[in-house]
**Q** 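Take a look at the following structure, please.
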Amino acid sequence: MSSVKVRIAPSPTGYLHVGTARAALFNYLFARHNGGKFVVRIEDTDTRRSKPELIEPILDALRWLKLDWDEEIVYQSRRSELYGRYVDEFVKTGRAYYCFCTPEELVAEREQARAEKRNPAYSRKCLSLSEDEVQARLKAGEKAAIRVRIPEGETSYDDIVSGHLTKQNTELEDFIVARSDGSATYNFAVVVDDHEMGISHVLRGNDHITNTFKQVHIYNAFGWTPPVFGHVPLILRPDKRKVSKRLGDKDVGEYRNEGILPGAMVNYLSLLGWSPKSDREIYTLEELVGLFDETHINASNAIFDEEKLLAFNKTHIQMMTDHDLAVLAAPLLVEAGLTTKYWLETRWEYLRAVVSLFKDRLTRVSEIVERSGYFFAFDYTYDEKAETKSFPPEAADLLTDLAGRFAALTSFTVESAEQALTALAEEREIKKAKLIHPARLAVSGMPVGPGLYEMLVTLSQPVVVERMKKAAAYIRNKQ
RNA sequence: GACCCCGUCGUCUAGUGGUCUAGGACUCCGCCCUUUCACGGCGGCAACACGGGUUCGAGUCCCGUCGGGGUCGCCA
């Protein structure tokens, strides 16, 4: 495939949602797989609705996903002159015409059409205006939008995903290509840009299929060769509606804040509407680049299943090295007030050991905050429910005894700690559980957590001894 | 409503006429491992929307029905 160039064209009217992220991913994978270019174009032709302050968050989300782009970012808002030239040419050559209908009139027409169960297509009222009248009204300062004149016939193109698609031109209607303020609308600007930028393939959501016919018509009218189109299936909510910010669907940034790994998001998204045709599901971005094949894009819409995203996240966390996980966990722990940046930096090995204990137990990286507090401070309270079960009166004596034995160990290791505990249980003829549960609660305040002995060793001998003695005193005090 | 797209377990999917008593993953349920919670291992529940064709043979091809989604803006 020669000179592949694709683009992701987000509109800064909202944050990056999963649908756009997935489209970006497919375009990125397609470009990288074929040694082509992946560029970003900001579609902000609608000055009223576009919010410049949303551009950076969108780019940030793209960077976070590691979908790095080539070349300079193109802003449609800075290319109005270019569109204007083509619009003029369109009008001059008779492929478009002035329309003096006001938005209010058009809305009224549409409403009436719907009420009468007719199709709400434009009436073409202004198409029959005489050249003289048009010029006179323009000269008088009347505002006019510009509409394409759709000829009779049909428009068709070959879609990578859905095959040969055809639409009768009567279904297209004379859509507006330039607003009455002279600015080009989406369907026109997109064609000019994709053509000027040398875009070879357009992979986008199938909610654009209707637009594609309109755009293909413009390409044809200009005598340009359209890019190859591929309409990927939509990502739906569990209620089967298109994902939408309005309905409260999370954007990529929110998933990021919730502790989702970019690799997990990319991996999960890659399998929504595409398949490597393999039983394997876990891949890195690099592996996906190697595997991506646009002919394997599905045609049917997919429901976004957060449960499965979470499962992927869990797996991707397990795939990380202790060091990398520690890098992610550190700022979260500091932010939560559990420790300080300086403290962690001077005790990196400790952090790494702690993180390692939790690696197989985290669904989200952020969970480490609420689960590992006792590794950084001895200010926790004992879990109430666990206390009634694990801190019976006799536990005080047992903890004191166990603390003494731990203190006496010359080498505090997983093996020696377990041996000491086992020995005590045997001597007292009690189940090990009678020691394990109180010990866990004493040193962590929690009924659940990492393996007891690993946890003890990581906390260190003096800390463990101190905490067990404190717990013993606490139990006696309760009596 | 019109037009367009789509239709395999609850969800994501494999399946390109016979190897399908339909495979994998998530979820859920058992068992093992572990005297915690997980990880891991093993096993289980669960689907070809329906009806006609075509064919020796259809999840796979064709048509229809039904169902779902999308679009119908001087938004993108």
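Only heavy atoms go into these numbers, but all of them, side chains included; no hydrogens, no water, no symmetry mates. Lettering follows sequence order; numbering is per chain, from 1.
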**Q** Respond yes when some side-chain nitrogen or oxygen of A:Thr13 is under 4.0 Å from OP1 or OP2 of B:A76, and no when none is.
**A**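 Answer is no, no contact under 4.0 Å.
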**Q** Out of B:G68, B:C12, B:A76, which has the shortest distance to the side chain of A:Lys240?
**A** B:G68
**Q** Give a yes or no on whether a donor-acceptor pair under 3.5 Å exists between the nucleobase atoms of B:C74, that is its base, and the side chain of A:Ser180.
**A**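 In this structure, the two groups form a donor-acceptor pair.
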**Q** As a test of reading the structure: which of B:C4, B:A76, B:C6 is closest to the side chain of A:Ile209, going by heavy atoms?
**A** B:C4
**Q** Got more than 12 heavy atoms from elsewhere within 6.0 Å of CD, A:Glu81?
**A** no
**Q** Taking 4.0 Å as the cut-off, does a side-chain nitrogen or oxygen of A:Lys434 come that near to OP1 or OP2 on B:U35?
**A** no
**Q** In sequence, state the C-alpha distance, the side-chain angles, and the governing distance for A:Asp249 and A:His17, and then conclude on side-chain hydrogen bond (donor to acceptor under 3.5 Å, both in side chains).
**A** CA-CA 8 Å; A:Asp249 293 306; A:His17 61 82; over 6 Å; no
**Q** Which one is paired to B:G7, where only Watson-Crick or G-U wobble pairs with both distances under 3.5 angstrom count?
**A**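 B:G7 is paired, partner B:C66.
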**Q** Quote, to the nearest angstrom, the P distance that separates B:C9 from B:U60.
**A**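 Comparing P positions in B:C9 and B:U60 gives a spacing of 14 Å.
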**Q** Side chain of A:Asp279, base of B:A25: donor and acceptor closer than 3.5 Å?
**A** no
**Q** For the pair A:Tyr382 and A:Tyr380, name the ring-plane relationship: parallel under 30°, tilted 30 to 60°, perpendicular over 60°.
**A** perpendicular
**Q** What interatomic distance, in whole Å, is found between P of B:G59 and the corresponding atom of B:A22?
**A**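 That atom pair is separated by 12 Å.
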**Q** Of A:Phe175, A:Tyr97, A:Tyr98, which is the lone residue that meets side chain to side chain contact (heavy atoms under 4.5 Å, CB included) with A:Arg147?
**A** A:Tyr97
**Q** For B:A14, does OP1 or OP2 lie under 4.0 Å from any side-chain N or O of A:Lys277?
**A**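 A:Lys277 to B:A14 OP1/OP2: side-chain N or O found under 4.0 Å.
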**Q** Without decimals, in angstroms, what is the distance between A:Asn119 CG and B:G73 P?
**A**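 To the nearest whole Å, that distance equals 10 Å.
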**Q** In whole angstrom, give the distance that lies between atom CZ of A:Phe358 and atom C1' of B:C37.
**A** 10 Å
**Q** Is there a donor-acceptor pair under 3.5 Å between the side chain of A:Arg371 and the backbone N or O of A:Arg361?
**A** yes
**Q** Return the value, rounded to whole Å, for the distance between atom CG of A:Asp174 and atom P of B:C74.
**A** 12 Å
**Q** B:U35, B:A76, B:C12: which one has an atom nearest the side-chain heavy atoms of A:Ser11?
**A** B:A76
**Q** If we call it a pair only when both distances are under 3.5 Å in a Watson-Crick or G-U wobble match, what pairs with B:A2?
**A** B:U71
**Q** Whole Å only: how far is the CD1 atom of A:Ile317 from the P atom of B:A38?
**A**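 So the two atoms are 16 Å apart, to the nearest Å.
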**Q** Taking the same atom, C1', in B:C5 and in B:C39, what whole-Å distance lies between them?
**A**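 After rounding to an integer number of Å, I get 43 Å for this pair.
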**Q** So is A:Arg79 actually on top of A:Tyr75's ring, under 6.0 Å and inside 45° of the axis?
**A** no
**Q** Between A:Thr102 and A:Arg361, who's closer to the 5' end of RNA chain B by nearest nucleotide?
**A**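 Checking each residue's closest nucleotide, the 5'-ward one belongs to A:Arg361.
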**Q** I want to check one thing: is the phosphate of B:U71, taken as OP1 and OP2, less than 4.0 Å away from some side-chain N or O of A:Asn211?
**A**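 No.
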**Q** Quick check on B:U71: is either OP1 or OP2 less than 4.0 Å from any side-chain nitrogen or oxygen of A:Lys242?
**A** yes
**Q** Work out how far the P atom of B:G24 is from that of B:G15, and round it to whole angstrom.
**A**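 Going atom to atom, P in each nucleotide, I get 15 Å.
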**Q** B:A58 pairs with which nucleotide, Watson-Crick or G-U wobble, both distances below 3.5 Å?
**A**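 Base-paired to nothing in any strand shown.
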**Q** Between A:Glu306 (CD) and B:C12 (C1'), how many Å, whole number?
**A**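 My rounded result for the distance is 15 Å.
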**Q** Rounded to the nearest 0.5 Å, what separation is found between the CH2 atom of A:Trp274 and the CZ atom of A:Phe30?
**A** 13.0 Å
**Q** Do any side-chain nitrogens or oxygens of A:Thr210 fall under 4.0 Å of OP1 or OP2 in B:G70?
**A**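 For B:G70, neither OP1 nor OP2 has a side-chain N or O of A:Thr210 closer than 4.0 Å.
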**Q** Between A:Arg241 and A:Arg147, which is nearer to the 5' end of RNA chain B once each is assigned its nearest nucleotide?
**A** A:Arg241
**Q** Under 4.0 Å: is that the gap between some side-chain N or O of A:Lys359 and OP1 or OP2 of B:C39?
**A**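 No, because none of the side-chain N or O atoms of A:Lys359 sits under 4.0 Å from OP1 or OP2 of B:C39.
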**Q** Please determine whether a side-chain nitrogen or oxygen atom of A:Arg22 lies at a distance below 4.0 Å from atom OP1 or OP2 of B:C12.
**A**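 For B:C12, neither OP1 nor OP2 has a side-chain N or O of A:Arg22 closer than 4.0 Å.
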**Q** Check this one for me: any side-chain N or O of A:Arg110 less than 4.0 Å away from OP1 or OP2 of B:G73?
**A** yes
**Q** Can A:His208 be said to stack with the base of B:A76, given centres closer than 5.5 angstrom and planes under 30 degrees apart?
**A**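 Yes; centroid distance and tilt both under limits.
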**Q** Report yes if a donor N or O on one partner sits less than 3.5 Å from an acceptor N or O on the other, where the partners are the side chain of A:Lys308 and the base of B:A25; otherwise report no.
**A** yes
**Q** Syn or anti for B:C45, with syn set at within 90° of 0?
**A**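 Because its glycosidic torsion lies more than 90° from 0, B:C45 adopts the anti conformation.
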**Q** Exactly one of A:Tyr283, A:Phe304, A:Tyr255 should register a ring-ring contact (aromatic ring centres under 6.0 Å, His included) with A:Tyr268. Which one does?
**A** A:Phe304
**Q** Grab the CD-P distance between A:Glu307 and B:C26 for me, whole Å please.
**A**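 So the two atoms are 12 Å apart, to the nearest Å.
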**Q** Once you round it to whole Å, what is the distance between P of B:C5 and CD of A:Glu171?
**A**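 Between P of B:C5 and CD of A:Glu171: 12 Å.
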**Q** Nearest whole Å is fine: how far is B:C72 P from A:Glu111 CD?
**A** 16 Å
